[in-house]
Colleague: 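Dropping a structure here in structure tokens format, bear with me for questions.
Side chains included, hydrogens not; waters and symmetry mates left out as well; all remaining heavy atoms used. Atoms within each ligand, like the ligands themselves, are counted from 1 in listed order.
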Amino acid sequence: MKLNPHTILTVGIIAGLVFGAAFGETLYRVYEADVPGGTLEALHFVGTTLFVGLLKMILVPLVASSVIVGVASIGNPSDLGRIGAGAVAYYFVTMVIAVVLGVVLVTAIQPGEGFDAAFRDQQVSEFNASTGTVQQRVQEAQTQGLWTAFQNLTRQVLPANPIGDAANGRLLPVISFSLILGVVLTTIGARGRPIIEFFDALFTAIMQLVGWILWLAPLGVLCLVAWTVARIGTASLLGPLGKYMITVIIALAMHALIVLPLILWLVGRTNPYRFMHQMREALMTAFGTASSSATLPVTLECAEELGGVSKRSAGFVLPLGATINMDGTALYEAVAVVFLFQCFGIDLGGTELAIIVITATLAAVGAAGIPSAGLVTMVIVVEAVNDSLGRVGDDRLPLAAVGIILGVDRILDMCRTCVNVWGDSVGAKIISRIAPDPA
Ligand code: ASP
């Protein structure tokens, strides 16, 4: 019997996830919740350098070539406008649905009701006392607010120095510039052909490379999952934060398994669960890496090779989706913010919940496709709610409240990233209908 390479890889990645969790849990128990820093460091190093690092290595040329070729193959700017508008409409509608679902569930389940105040205060003061990267990023985000976030986004969409951005691995400016270049190339006729062919060849070569890098996925996810579980242990699901984690997971599952499939079935006329199966390697990579950007090469590969997504659609709907369409993050931010206010005994009214729906959607758009980005942009939502409640000084929900959920964030990050990538894939499949490949 000849085994299909995709089947072997799928089994390998599932084994990586399972053994990673088992290994992490064993370490957690053997070292009684205090796994040596060196061991954690080694797991993280192997996972990020060997697997995520290689995916990141190819990301910028892949995104540039995929967008240029995708846009050039659409050709006509008015068709491109129609497809782009369709994609953006899909992104916003699904993100708003996700946030509303999150708000409804967290309000119904009330995971923060009667929360252990001693545990809460201890986490908050630990957060205040430490100087980790998340802490710094949260402090920076506090001084920014919605207007600055909007300005940053606009600057990325209209980049002054796209090559500099590319060198720093910022994807949105690269997408933006490639989009413009792709359109222009089609308007200059035969003279543009060699450049389009160059990027087409570059795209094919890089996709070949993705196929090779994917063989490292089982080891990569094993190390990253082990690293995550070894730090907090699976019993955290039963601890004081258990109810909160379960709320997030149920809400994400409902969005991924009911809402998005329904949309795909109704609008995309596709069997959603078969499509989910075809996207499995991307979804598992998203879960293992907690980064939709790093997963993008795998998403492109699965969508085009197995999922029957048209090259025209995949080429630019997926890269754009990986940077701005984050259903999982939007939903998570809403649940987390309402939960934190509940922990401090603050009940939110209809106005605040409406503010959360709007700001969580925008904050998710602004979040980069990297681990814990959502945790940081969540600060924007917290501040907007504080302002709406008219709370000043010590009365405001302290930003250090983020410390309460920081410890368990990685596991939830893995889950929401998986939903983010699934949302992008569903969007690309739907857009394939209005942008099929030429026969
Ligand atoms: N890790 C998420 C992603 O890459 C972003 C986040 O919610 O933190 O899609």
Side-chain angles (χ1 to χ4, degrees), residues 44 47-48 51-53 55-56 59 63 91 94-95 98-99 102 132-138 140-141 149 153 169-172 175 220-221 224-225 227-228 244-245 248-249 251-252 255-256 260 279 282-300 317-337 339-340 356 359-382 402 405-428:
H44 191 247
T48 47
F51 181 52
V52 178
L55 287 173
K56 281 193 185 159
L59 205 51
V63 166
Y91 296 158
T94 51
M95 276 194 278
V99 179
T133 14
V134 173
Q135 280 82 350
Q136 282 168 18
R137 281 162 60 196
V138 165
E140 278 165 23
L153 198 66
R170 284 187 215 108
L171 291 189
L172 203 51
I175 294 174
V221 299
L224 290 173
V225 171
W227 172 72
T228 305
Y244 155 72
M245 293 172 81
V248 174
I249 292 171
L252 288 174
H255 188 70
L260 289 175
M279 295 302 301
L283 299 178
M284 288 190 291
T285 305
F287 186 78
T289 59
S291 166
S292 17
S293 295
T295 307
L296 179 59
V298 191
T299 318
L300 272 164
V317 176
L318 285 176
L320 198 60
T323 46
I324 64 175
N325 178 42
M326 301 205 177
D327 294 9
T329 301
L331 181 157
Y332 159 81
E333 296 199 6
V335 175
V337 170
F339 166 73
L340 291 179
I356 290 181
T359 48
T361 307
L362 297 177
V365 170
I370 54 172
S372 57
L375 190 68
V376 176
T377 58
M378 199 179 82
V379 168
I380 296 174
V381 187
V382 172
V402 170
I405 51 175
L406 183 63
V408 295
D409 185 60
R410 178 70 182 207
I411 290 204
L412 299 178
D413 198 356
M414 290 157 68
C415 301
R416 66 184 186 253
T417 306
C418 198
V419 177
N420 289 345
V421 170
W422 174 229
D424 299 340
S425 313
V426 169

Colleague: Counting C-beta onward and ignoring hydrogens, is there a side-chain heavy-atom pair between Thr285 and Val221 closer than 4.5 Å?
Modeller: no
Colleague: Taking all non-hydrogen atoms of both residues into account, name the closest pair between Pro371 and Thr289 and its distance.
Modeller: CG-O, 3.9 Å
Colleague: Got a sec, which pairs hit side-chain hydrogen bond (donor to acceptor under 3.5 Å, both in side chains) with one end in residues 367-379, sequence neighbours left out?
Modeller: Glu333-Thr377
Colleague: Could you label the plane-to-plane angle of the Phe339 and Tyr244 rings as parallel, tilted or perpendicular, counting under 30° as parallel and over 60° as perpendicular?
Modeller: parallel
Colleague: Nearest 0.5 Å please: distance from the CG atom of Asn420 over to the OG1 atom of Thr329.
Modeller: 3.5 Å
Colleague: So which heavy atom on Leu252 is nearest to which on Cys415, and how close?
Modeller: CD1-CB, 3.7 Å
Colleague: Does ligand 1 have any N/O atom under 3.5 Å from a protein N/O, and what are those pairs and their distances?
Modeller:
from: ligand 1; atom 1: 1 (N); to: Ala290; atom 2: O; distance (Å): 2.9
from: ligand 1; atom 1: 1 (N); to: Ile370; atom 2: O; distance (Å): 3.0
from: ligand 1; atom 1: 1 (N); to: Asp413; atom 2: OD1; distance (Å): 2.7
from: ligand 1; atom 1: 1 (N); to: Thr417; atom 2: OG1; distance (Å): 3.1
from: ligand 1; atom 1: 4 (O); to: Ser292; atom 2: N; distance (Å): 2.8
from: ligand 1; atom 1: 4 (O); to: Ser292; atom 2: OG; distance (Å): 3.1
from: ligand 1; atom 1: 4 (O); to: Gly369; atom 2: O; distance (Å): 3.2
from: ligand 1; atom 1: 4 (O); to: Ile370; atom 2: N; distance (Å): 3.3
from: ligand 1; atom 1: 7 (O); to: Thr329; atom 2: OG1; distance (Å): 2.6
from: ligand 1; atom 1: 7 (O); to: Arg416; atom 2: NE; distance (Å): 2.6
from: ligand 1; atom 1: 8 (O); to: Ala373; atom 2: N; distance (Å): 3.0
from: ligand 1; atom 1: 8 (O); to: Gly374; atom 2: N; distance (Å): 2.7
from: ligand 1; atom 1: 8 (O); to: Asp413; atom 2: OD1; distance (Å): 3.4
from: ligand 1; atom 1: 8 (O); to: Arg416; atom 2: NH2; distance (Å): 3.0
from: ligand 1; atom 1: 9 (O); to: Ser292; atom 2: OG; distance (Å): 2.4
from: ligand 1; atom 1: 9 (O); to: Asn420; atom 2: ND2; distance (Å): 2.8

